[in-house]
Structure formats: C-alpha cells, structure tokens
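Heads up: the structure comes next, in structure tokens.
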Amino acid sequence: MRGPLGAVIGRYPSSDGVTQMGAIISHNRKCRDITVLFIFIAFWIAMIVNSSFGFNQGNPLRLTYGVDYKGNVCGDKHSDPNLSKLELRYWQNPNQVYQSGLKDSQFKLVDARTICLSECPIPSDDSLNWVCDYPDGDIRLSMKDWINRNYDYFEFLTPEMRNSSLQLQGPCYPVIFPSVNVYWSCQFIARPSNTSLKHWQQMGGVSINENIVIDKSIHKSINSRSAVLKRYMADMGKAWPVLIVCGGILPLFLSVIWLMLIRHFVAAMPWITVVLFNVLIISVTMFYYLKAGWIGNDAISPIIGEHDAYTNVFGREVTHLRAIAILMTFIMAVAILTSIAIVRRILMATSVLKVAAKVIGEVQALIIFPIVPYAILAVFYMFWISAALHLFSSGQIVQNNCNANCCTYDLVAKRVNCDRCCGYSIHYTPHIGVAILFHLFGCYWVTQFFTACSSTVIAGSIASYYWARGETSQEIPFLTVFSSMKRLMRYSLGSVALGSLIVSFVESIRFLLESIRRKIKVSDHWPDNWIGKAAYQSSRCFLRCIEWTIKSVNRNAYIMIAITGKSFFSASSIATELIMNNILKIGRLNVIGDVILFLGKLCVSLASALFAFLMLDTHKYSSAHNKISSPLLPVVVCWALGYIVATLFFAVVEMSIETIVLSFCQDSEEHQGLAQYAPPLLIETLGDHNEVQRLTQGPQ
C-alpha cells in the first residue's frame, strides 16, 4: 500500500509545528535503476566509437559521385590526379555499355571504363570529338590543359596509340552518342551522331552498337535501389542549411509562440489549432502533388543543368513522391473528418487547457526550460547526421574481379594491358550494416531519453506547485524547475534511461518486423491464404497497441518518478493503479486535450515541412552544384525534427495537465474524495464544484 504524497511534496509541517516550504521531495530518495544508467553511458561510448569508424572510413562524396577507372571518387580533391572540378562520371567505351545491358552477358556495367569530367561531352556537328584518359606518360599535358582541350589529345598520339584507340582500347575514345547529366552521371541517349559515326568509320574504327540497350543499361544502374538510397543520404548533406532553419530554428520559434498564445489566448487556441492544422496539411499535400508532376509543370527532374527539351529521363524518386502524395491524400481526408468530429468537444478542451495556461503563468521558467534539452539534442543531431553520412559512405574501394575482355592502353607501360582492367566499386562488409542499425537505434534512444528527462523535470515542477496549494511565492517561478532538474540528475537518470530504452526496443522490433514483411512481400513466400494475412495484420496491430500503451504508461511513470523518486517499474505500478482507479476522471479530462496538443505538434511539424519545400524549391537546390535528387527525405527529416522540438515545448502543457490530474486524483483518494491540496487556481479555472464533478467523474 503506497503512502500519501501530500507529505512528500510542497508545504509540510516541521518538527516544531511550523509549516515550511522546502525541497521535502528530495527526502528519502536514492539513486534508482543505476544499472541501466551505466548501460546508457556504455552505449554512448559505443556510439562514439561507432561514429569514429564512420569518420575514419567514410567519404560522403561517394554518395553523390561515381568512381573512375583508377578507383578515384569524382570530385575528390585528394585523389591523384586532383578531381575537385571533375564531378561527372562518363563511360568512355560505348560497346562496353551496350554489352553490359544484354541479358545473357557476363560483363557488368561496373567494369566498364569510366572517367571523371566537368561536363557531359556531346558529338561534334562537323568532326569527331574524343575523350581521352587522364594525361600521363608521354602525353605532356597538365590536367588544366587537358580540361581546356575538352579532354582531347588524339592529335598527340603515336600510331600505336591511334590504332589502339580505333579498337576502343584507349587511350582515346570517340564521342558518338550525346549524353546528359543525370545525377552526376552522363547517361547516353540512343541517338548516335551520323556525322561522328561517318568519321569513325572512315578512320577504320571497329563497329559500334547503336541499340536502345545502351540507354537502358546506364539508366538501370542510376535508378538501382542502392543508388537511390545513396542519393537520398547525399541530399541530407546538401540540404543542411534547410535542416538547420526548418528543422531547428523555425520549430523553436513556432513552439515558443504557441506557448505564449496558449497562455494569453487559451479560449481561442483550440479553434486556431484545428483550422491551421487543416490548412497546413492541405498545403503540404499539394506540394507533394506539385513535385510529383500531377499539378503544374514543376515536377522534379533527374537531369542536372541545361538540356534538350525533348530529352525526358524518368527517375525512381518521382515514383516515391507519387506514393507519398497518395498517402498524404488519405491522411488529409482522415484529418479533416476527424477535425469535424471533434468540433463539439473543443469547449471541453478549452477548460482543460486553462489549467495548464494558469500554471505556466505562475511557473514562468517552464516556457524557457525546454531550450535546455533542445540545445542538447541540436548538438547531438548535428553530430549524428554527420556520422550517419560517413557511415553510409564507408567501405573500401576495391577493383572488381571480372573475366571479361576489357583490354586498355596503359600510358605509363606504353602497351595494351589486359590483366588489371576491371572497374572499381565500393565494397560494403556486413558489419557496416550492423553499425548503421546501431547508429539508428542510438538516435531513437537518445531522443526518447532527453524527451523523457524534459517531461520528468516539468512534472516535478508542476507537482511542487500543486502540492503547495498553488500559492505563489518568489520561489515558484524558477526554483521549482531548478530543484526538479537537480533531483532528476542526482537520483532518477537511470529510471528515465530504462523507460526510454523500453520504448526504443519495442519500436525497433516493430521496425524489424516491418522490414521482414517487405522482403517477404517481394519474394515468393508471402502468405496467400486469409489466415496468414490476418495473423500478420493482427501482429502489426498488436505491436502498435503495445507501443502506444508503453508510451502512455511511461509518461505517467515519469510523473510518479518526479513525485515519489521511485524506480521505473515501481513508479509505473503506482501510476497504473492510480489510472485504473480513476479511469473515468482521467479519460474524460485528458483525451480531448491530448488531441488538441497532438494537432498543435503537427501544426509546428507541418509548417516546418512546408517551409522546407519552399526553401528546396529555390535555384540553389533545384539546379547546378547543390541540386538535390528529391525533396522527400529533407522534408520528412524537417517534419520529424519539427515534431521533436514541438514535443519538447508542448510537454510543458501536456505534462502540466497530466501531472495536475494525477495529483488531483491522488489528493482525492487520500482525503475521501475531497482534494485538500487542489490550488484555488485549479478550482477557479474549472469553475464551481458541479463543473469539477462533471469533468472528472463522468456519467454516474
């Protein structure tokens, strides 16, 4: 049987009978769940070691640019030769590209000879252009001169070199097909230049295949799943100013504005939130339609820079945007219908939010406090995203082991070499995948941990205010927050780490099961009978219910941790018992308030996504050097960061309501249904005794 909480928090009679205000909440406390805290610290050390591996082995340039015939990454200024201005990958031998596209061919496109250029070459109208290897050996040209000559030094070749070039063995290769810059790779267009072909044939060059296969082979490589994933990750690096502005600064500003408005205009805020939410979700959905090409002429294009208006290249990113547009349409319809359904309940939400508004007005430091976890998470996310880019680009560039005939002329050895002429590719070992999963799990756990810490500090501050009967003093506005932070850091970090770990673990299991489902769905093992499908859908629903329940219990457990200083499981038990004994009170009072707060968080996150769309639609990100492949991932990340920031700040209102409600229920239980510590502020906000009974007791 748990003891009364009134003697634990707030004002209490001392031994001399004088009522005092002190930190009695810190009495009879000790460190809880210390083992989990040590695990969390060890996890942080492992995160640093894991990230250092990525920083040591990774190179984010690999996510955007290709590899040349020497194994250098295009655009890398540290390579030999210096490729800082040569960012485009170009396939020199058109016959190798054609051969790689044949169904029964053993030759792979990764083994075709590639070189890094500054722009995609096009055939000449009156002669034959050449793309030659990097100058070396007897070719006495600097890289600058080679670039200025449009990569052509065919006139300097010896007769032996010219004959080798006419056999498509280098060092110079003819430009027969026009090409266009598609995601920093020069994709051939299967329309060979008749003039160039005529000159090539007159010089005695070998036959060049002109089939459409030459187009499809490169297009298939550029649109592979791994290539698309790399481009999405590269978009994160290119759009880092957007992430800072729309994922950090903007949601911070909007969240503080929302808290200020809820304090001064509490009656109007539920209505404003519902209307603004519908406007924002419609706007974001329309932007997805716009970028998917279903509205207007502003669809994303995989082609970078100027190109022929008749050249059309389709990218997998457009398909992804269209899928998200359909999903957003469904979510938008559900959201609008839900908004209509809760209109009649908004008046009750106003009464609930008045409680939090009054408390925020008294404990003023609560508006400022979320900046502390916000700053910590901002630094962590900058480190985490940078480490993620390096982890995704880690691996070793190794030469492929191919058995195809790919002889090329070696300028240094002055002969045709058929031994080591295979292409290069980035080799990923299995432990890199494990490191990436560990990194993802770490992000989720750390986010949950600091969010839980923020909620616990807020709950401790509000509880101190409640059990002091809501009486104002010079200590209330700031001292309660600092005292609550001190108690958390001294006694309860282990309990918070345990609660956040449980949520992260359940979410990770759900993520893994979803990944397994997708792999099974594309294979032949997907269950065709209704029993298998029903079992799978039931398991998904069951996991989601468990996740929602754990998050709900955790939130109330953090309140009891702040109040009692118990361990996580003990606090969860107390909170669960208190909820079950007062299910009607808490249910009627909390649900509609939680819905409005949830819509408020979505307003902030959707506004962040909308502004991210607007920033990414500027020239900087839609063309030239910083062109992103798709706004999808940066917008989703800005939405997620906006939601996290909003959660930190909206927790002030959310935890205020729940802490006061739980304290009110406990107060009522301890005093035979009549709350003794309920502050006049609470009674004034909820109205007379009949209004309190109506909102807290439910139907008889």
Side-chain angles (χ1 to χ4, degrees), residues 65-72 74-75 79 81-83 85-100 109 111-158 161-182 184-193 195-201 203 205-206 208-210 214-215 217-218 304-305 406-411 416 421 423-424:
Y65 307 116
V67 181
D68 68 4
Y69 66 89
K70 287 188 173 184
N72 298 318
C74 296
S79 62
N82 184 352
L83 303 177
K85 297 182 180 180
L86 306 174
E87 300 174 334
L88 276 66
R89 175 178 53 175
Y90 176 74
W91 283 268
Q92 294 173 278
N93 191 333
N95 278 0
Q96 287 183 339
V97 176
Y98 172 82
Q99 187 180 355
S100 67
L109 187 62
D111 292 320
R113 192 170 183 83
T114 57
I115 193 170
C116 299
L117 307 178
S118 60
E119 58 184 13
C120 293
I122 57 175
S124 173
D125 293 332
D126 54 8
S127 62
L128 179 61
N129 290 341
W130 300 82
V131 172
C132 302
D133 291 344
Y134 304 129
D136 205 349
D138 291 338
I139 306 300
R140 308 297 183 182
L141 286 177
S142 66
M143 287 293 292
K144 183 178 180 180
D145 292 335
W146 175 70
I147 296 173
N148 291 336
R149 294 179 59 88
N150 292 325
Y151 331 109
D152 183 356
Y153 51 75
F154 184 80
E155 61 182 284
F156 301 139
L157 299 184
T158 63
M161 293 180 185
R162 292 194 177 195
N163 182 62
S164 174
S165 297
L166 292 175
Q167 300 299 316
L168 288 180
Q169 294 180 346
C172 292
Y173 298 84
V175 180
I176 303 297
F177 296 90
S179 57
V180 63
N181 181 358
V182 178
W184 308 103
S185 292
C186 294
Q187 177 172 326
F188 288 157
I189 300 174
R191 295 197 301 265
S193 168
T195 302
S196 298
L197 267 178
K198 182 178 179 180
H199 281 85
W200 172 257
Q201 293 167 356
M203 295 176 69
V206 298
I208 292 180
N209 297 291
E210 307 173 25
I214 199 172
D215 187 333
S217 179
I218 296 178
I304 300 174
C406 58
C407 300
T408 57
Y409 192 91
D410 191 330
L411 287 173
V416 175
C421 57
Y424 288 81

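Fair warning: this is a prediction, and the values are worked out from it, not measured in the lab. Because only heavy atoms are used, hydrogens play no part in the values below, and waters and symmetry mates are left out as well, while side chains stay in.
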Flag the pair [X] / [Y] as yes when at least one side-chain heavy-atom distance between them is below 4.5 Å, and no otherwise.
X: Leu128; Y: Ser193; answer: no
X: Pro171; Y: Ser165; answer: yes
X: Met143; Y: Pro135; answer: yes
X: Leu157; Y: Ile139; answer: yes
X: Ser196; Y: Phe177; answer: no
X: Leu88; Y: Cys120; answer: yes
X: Leu86; Y: Asp68; answer: no

Got a donor-acceptor contact below 3.5 angstrom from the [X] side chain to the [Y] backbone?
X: Asn95; Y: Asn209; result: yes
X: Ser217; Y: Ile214; result: no
X: Tyr151; Y: Cys116; result: no

What distance do [X] atom [atom1] and [Y] atom [atom2] have between them, rounded to the nearest 0.5 Å?
X: Leu411; Y: Asp136; atom1: CG; atom2: CG; value: 6.0 Å
X: Arg162; Y: Met203; atom1: CZ; atom2: CE; value: 7.0 Å
X: Leu117; Y: Leu83; atom1: CG; atom2: CG; value: 10.0 Å
X: Cys186; Y: Ile218; atom1: SG; atom2: CD1; value: 8.5 Å
X: Asn82; Y: Tyr134; atom1: CG; atom2: OH; value: 10.5 Å

Problem set entry | Asn163: side chain to side chain donor-acceptor pair (under 3.5 Å) partners, not counting sequence neighbours | none
Exercise. Partners of Ser164 by side chain to side chain donor-acceptor pair (under 3.5 Å), sequence neighbours excluded?
Worked result: none
Looking at every non-hydrogen atom in both residues, tell me the closest pair between [X] and [Y] and how far apart they are.
X: Gln92; Y: Tyr69; value: OE1-CD2, 4.1 Å
X: Pro174; Y: Ile208; value: CG-CD1, 4.3 Å
X: Gln96; Y: Ala112; value: OE1-CA, 3.3 Å
X: Gln167; Y: Val206; value: OE1-CG1, 3.2 Å
X: Glu87; Y: Cys74; value: O-CB, 3.7 Å
X: Ile122; Y: Ser179; value: CG2-O, 4.3 Å

Exercise. Stepwise, does the side chain to side chain contact (heavy atoms under 4.5 Å, CB included) test hold for Asn150 with Asn129?
Worked result: CA-CA 9 Å; Asn150 292 325; Asn129 290 341; over 6 Å; no
For this session: Report the residues that fulfil salt bridge (Lys or Arg N to Asp or Glu O under 4.0 Å) with Asp138, sequence neighbours left out, ordered by chain and then residue number.
Result: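 Partners of Asp138 under the salt bridge (Lys or Arg N to Asp or Glu O under 4.0 Å) test: Lys414.
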By side-chain contact (heavy atoms from CB on, under 4.5 Å), which residues pair with [X], not counting sequence neighbours?
X: Ser185; result: Arg89, Trp91, Ile222
X: Val67; result: Ile397, Tyr424
X: Pro178; result: Pro123, Ile189

Exercise. Tell me, which pairs form a salt bridge (charged side-chain N to carboxylate O under 4.0 Å, His left out) where one or both residues lie in residues 124-133, sequence neighbours left out?
Worked result: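 Of all non-adjacent pairs touching residues 124-133, those that pass salt bridge (charged side-chain N to carboxylate O under 4.0 Å, His left out) are Arg113-Asp133.
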Seminar exercise, completed: The complete set of salt bridge (charged side-chain N to carboxylate O under 4.0 Å, His left out) pairs with one or both residues in residues 146-157, sequence neighbours excluded, reads Arg149-Glu155
Applying ring pair (Phe, Tyr, Trp, His ring centres under 6.0 Å), can you list everything that pairs with [X], at least two apart in sequence or on another chain?
X: Tyr98; answer: none
X: Tyr90; answer: Phe188
X: Tyr173; answer: none
X: Phe154; answer: Trp130

